[in-house]
Amino acid sequence: MDEGGIGMGKEAQNSSTGHCLESETKDKQPVKATVLQKDVGLLSGICLIVGTMIGSGIFISPKAVLLFSGAVGPCLLIWAFCGVLATLGALCYAELGTMITKSGGEYSYLTEAFGPIVAYLYSWTTIMVLKPSSFAIISLSFAEYASSSFYPGCTPPVVVTKCLAAAAIIMIVGVNCLSVKLASYVQNIFTLAKLFIILVIIVAGIVMLAKGNTENLSNAFVGTSSSFGAIGLAFYNGLWAYDGWNQLNFITEELKQPSRNLPLAILIGIPLVSVCYVLVNVAYFTVMTATELLLSPAVALTFGDRVLYPVSWIVPLFVVFSTFGSANGSCFTAGRLAYVSGREGHMVKILSYISLRHYTPAPALMFNGLLSLIYIIPADINTLINYFSFAQWAFYGLTALALIVMRFTRKELHRPVKVPIVIPGLIFLVSFYLVLAPIIDKPEMEYLYCSIFIFSGLLLYYPFVYRKVKWVCKLMRPITMYLQLLMEVVPPDKTQ
């Protein structure tokens, strides 16, 4: 948007490069190019997927999935089917990510398939609403579990929860701005922690089954909901727990050997999460009836109190670790989308600048963190989940359609991974259903607001992106230069 800022950025970069050359002479160390470094390997890629997927959803959403499905049997089937859908969707993204090796996820694929307008609407909606609201939701879940131990028998005060969530957001953004490797280490450690508590819950559930606690699993399909929209909402909440299967595509440029590691990470990470989720839900039903699960304010805590006493305190502790790791993964990838969008001119250029000291997209990360802080002020978790799923699945469907379109329009592109065309077709149909079913069953104004917001981006696209009005460039030039000096960031080097 602000082309004038580029010239100033290059001057700052040249000046900074001079200082780097002096440092090289003194320290005998080579100077790295000012680009995002390829610091993410296969293990970190798996941990990013698993760590982002296993966050707050499995500890909050079981109630919503059961409520809308109506019975234990369909609830477990929906959890399993959500895992299949996530795997199939991720396989489509594996083809796209190995074919178009750019960071930014759906943004890069929609640009190639449909042009800049559709990609802009995606980046506008995702950067301004979807990514920061997701970050806010997970941070609020972290705060709820972290504070609940200090308020036994009652709900923690709202101000305490929101202050804790804000502190978590600031800490996570700070870690991600300091170092990609540090953020990856944090992700790996907290992924191991969440896999540990998942394993504890599963083993405890197996022990309860061995003791004969199977009454809640008998007659499992009595009371199954027949509502078209209710089943759609059950899938909404189940898929919220699986969200994160596409996160590795946002950092393709930082992934070592993406043609190999991207599909491998997907094929290892997502089936692992799917098995864990189904077994965790079975474990819940070994000690809780459907009614008790629906009435529980925190399902995982209730399970821990009944099965793991007197060491039940490990459940809230490790759930806190789990949600914190998921929030870290969400922040890590969200910054890359804003970075790529700014680089392509669809957002202000300052978002595409890189920290000269730490080689991280610091402005983009800070911008996402600032929006997340705003979203925690009025946040209601269930409303945000439905809002998030409605818009996000519309773009998932468009991305699956983009894969089909590029099979015919971009035949020359090399495809290290190629899925049967029926898979993206299925994902597109499922996305279409998940978007329309709840609207048809129970129309609500929030769906209209979401649609209006998405298309309102066109009001900004024409004057500021397409036309590039001069007064905006003049206005942004000094602002960009000031922010460059303040944050010590420079435009990325062109490596191609």
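All values reported here derive from a predicted model rather than from experimental measurement. Sequential numbering from 1 along the given sequence is applied to the chain's residues.
- Shown here for Leu248 and Leu262, the closest heavy-atom pair between the two residues is CD2-CD1, 3.6 Å.
- Enclosure of atom CE in Met171 is not indicated, since only 12 or fewer non-hydrogen atoms of other residues, nucleotides or ligands lie within 6.0 angstrom.
- Asn328 places a side-chain N or O within donor-acceptor distance of the main-chain N or O of Ala183, the cut-off being under 3.5 Å.
- Ring pair Tyr461/Trp124: centre-to-centre distance not below 6.0 Å.
- Nearest heavy atom pair, residue Ile201 against residue Val280, reads CG2-CG1, 4.2 Å.
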Are Phe235 and Phe81 close enough, and set up right, to give a ring pair (Phe, Tyr, Trp, His ring centres under 6.0 Å), and what steps lead you there?
CA-CA 9 Å; Phe235 272 101; Phe81 191 59; 5.7 Å; yes
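- Aromatic rings of Phe321 and Phe324 (six-membered ring for Trp) have centroids beyond the 6.0 Å cut-off, not under it.
- Listed for the Asn261 side chain is a donor-acceptor partner under 3.5 Å among the backbone atoms of Lys256.
- At distances below 3.5 Å, at least one donor-acceptor pair connects side-chain atoms of Ser141 with backbone N or O atoms of Ile137.
- Expressed to the nearest 0.5 Å, how far CG of Leu403 lies from CD1 of Ile423 amounts to 9.5 Å.
- Between Gly45 and Ala265, the closest heavy-atom pair is C-CB, 4.1 Å.
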Run the side-chain contact (heavy atoms from CB on, under 4.5 Å) check on Ile127 and Phe367 step by step: do they pass?
CA-CA 9 Å; Ile127 293 171; Phe367 181 70; 3.8 Å; yes
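- Salt bridge Glu344/Lys349: absent, no basic N to carboxylate O contact under 4.0 Å.
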Step by step, would you call Leu351 with Ser341 a side-chain contact (heavy atoms from CB on, under 4.5 Å)?
CA-CA 8 Å; Leu351 295 181; Ser341 184; over 6 Å; no
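- Ser322 places no side-chain N or O within donor-acceptor distance of the main-chain N or O of Phe318, the cut-off being under 3.5 Å.
- Figure legend: Arg336 and Phe332 shown as a cation-pi pair, the cationic atom lying under 6.0 angstrom from the six-membered ring centre and within 45 degrees of its axis.
- Counted by atom type alone, Tyr109 and Asn249 present one or more donor-acceptor pairs between their side chains at under 3.5 Å.
- Taken from CG in Leu140 to CZ in Phe142, the straight-line distance is 11.0 Å, to the nearest 0.5 Å.
- Neither side chain, Gln247 nor Thr52, offers a donor N or O lying under 3.5 Å from an acceptor on the other.
- Heavy-atom minimum distance, Ser108 versus Lys102: OG-CB, 3.6 Å.
- With values rounded to the nearest 0.5 angstrom, Ile350 atom CD1 is found 10.0 Å from Met366 atom CE.
- Looking at Glu254, its side chain never comes within 3.5 Å of a backbone N or O of Lys38 through a donor-acceptor pair.
- Put simply, the side chain of Leu76 reaches to within 4.5 Å of the side chain of Val282, judged on heavy atoms.
- For Arg410 (side chain) and Phe408 (main-chain N/O), no donor-acceptor pair under 3.5 Å exists by modelled atom type.
- Judged by the 6.0 Å distance and 45° axis criteria, Lys131 is positioned over the aromatic ring of Phe250.
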Between Leu66 and Phe285, does the side-chain contact (heavy atoms from CB on, under 4.5 Å) criterion hold? Intermediate values first, please.
CA-CA 11 Å; Leu66 178 61; Phe285 288 117; 4.0 Å; yes
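- The distance from the CG atom of Leu401 to the SG atom of Cys92 is 11.5 Å, given to the nearest 0.5 Å.
- Using modelled atom types, no side-chain atom of Thr126 and backbone atom of Ser123 make a donor-acceptor pair closer than 3.5 Å.
- Taking 4.5 Å as the limit, some side-chain heavy atom of Val275 sits within range of a side-chain heavy atom of Leu279.
- Of the possible polar contacts, none joining the Thr101 side chain to the Gly97 backbone as a donor-acceptor pair under 3.5 Å is found.
- Between Cys82 and Ile78, the closest side-chain pair of non-hydrogen atoms falls below 4.5 Å.
- Looking at heavy atoms from C-beta onward, Leu398 lies out of side-chain contact with Tyr122 at the 4.5 angstrom threshold.
- To the nearest 0.5 angstrom, Ile198 atom CD1 is 9.5 Å from Leu272 atom CG.
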Would you please test Tyr466 and Ile117 for side-chain contact (heavy atoms from CB on, under 4.5 Å) and show each step?
CA-CA 9 Å; Tyr466 182 75; Ile117 295 180; over 6 Å; no
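- Taking CG of Leu413 as the start and CD of Glu95 as the end, the distance is 10.0 Å to the nearest 0.5 Å.
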Checking Tyr277 against Tyr242 for the ring pair (Phe, Tyr, Trp, His ring centres under 6.0 Å) test, could you report, in this order, the C-alpha distance in whole Å, the side-chain angles of both residues, the deciding distance, and whether it holds?
CA-CA 9 Å; Tyr277 276 5; Tyr242 281 97; 4.8 Å; yes
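- Nearest heavy atoms, Ala400 versus Pro424: CB-O, 3.5 Å.
- Tyr93 and Trp245 have their aromatic ring centers within a separation under 6.0 angstrom.
- For the pair Val405 and Ala113, the tightest heavy-atom approach, listed with the atom from each and the gap, is CG1-O, 4.3 Å.
- Side-chain contact between Ile100 and Met406 is present, with heavy atoms from C-beta onward closer than 4.5 Å.
- Between Tyr359 and Gln37, the side chains place no donor N or O within less than 3.5 Å of an acceptor N or O (distance only, hydrogens not considered).
- Contact of the Lys63 side chain with the Val299 side chain is registered, since non-hydrogen atoms from C-beta on lie closer than 4.5 Å.
- Not a single donor-acceptor pair under 3.5 Å links the side chain of Ser326 to the backbone N or O of Met53.
- Of the possible donor and acceptor atoms, one in the side chain of Thr399 sits under 3.5 Å from a partner among the backbone N and O of Phe395.
- Inter-residue side-chain proximity for Val489 and Leu356 is flagged as unmet; no heavy-atom pair is nearer than 4.5 Å.
- Of the N and O atoms on the side chains of Tyr107 and His346, at least one donor lies less than 3.5 Å from an acceptor on the other residue.
- When the options Cys331, Cys177, Ser330 are evaluated for a side chain to side chain contact (heavy atoms under 4.5 Å, CB included) with Ile172, the one that passes is Cys331.
- At least one side-chain heavy atom of Val315 sits under 4.5 Å from a side-chain heavy atom of Ile197.
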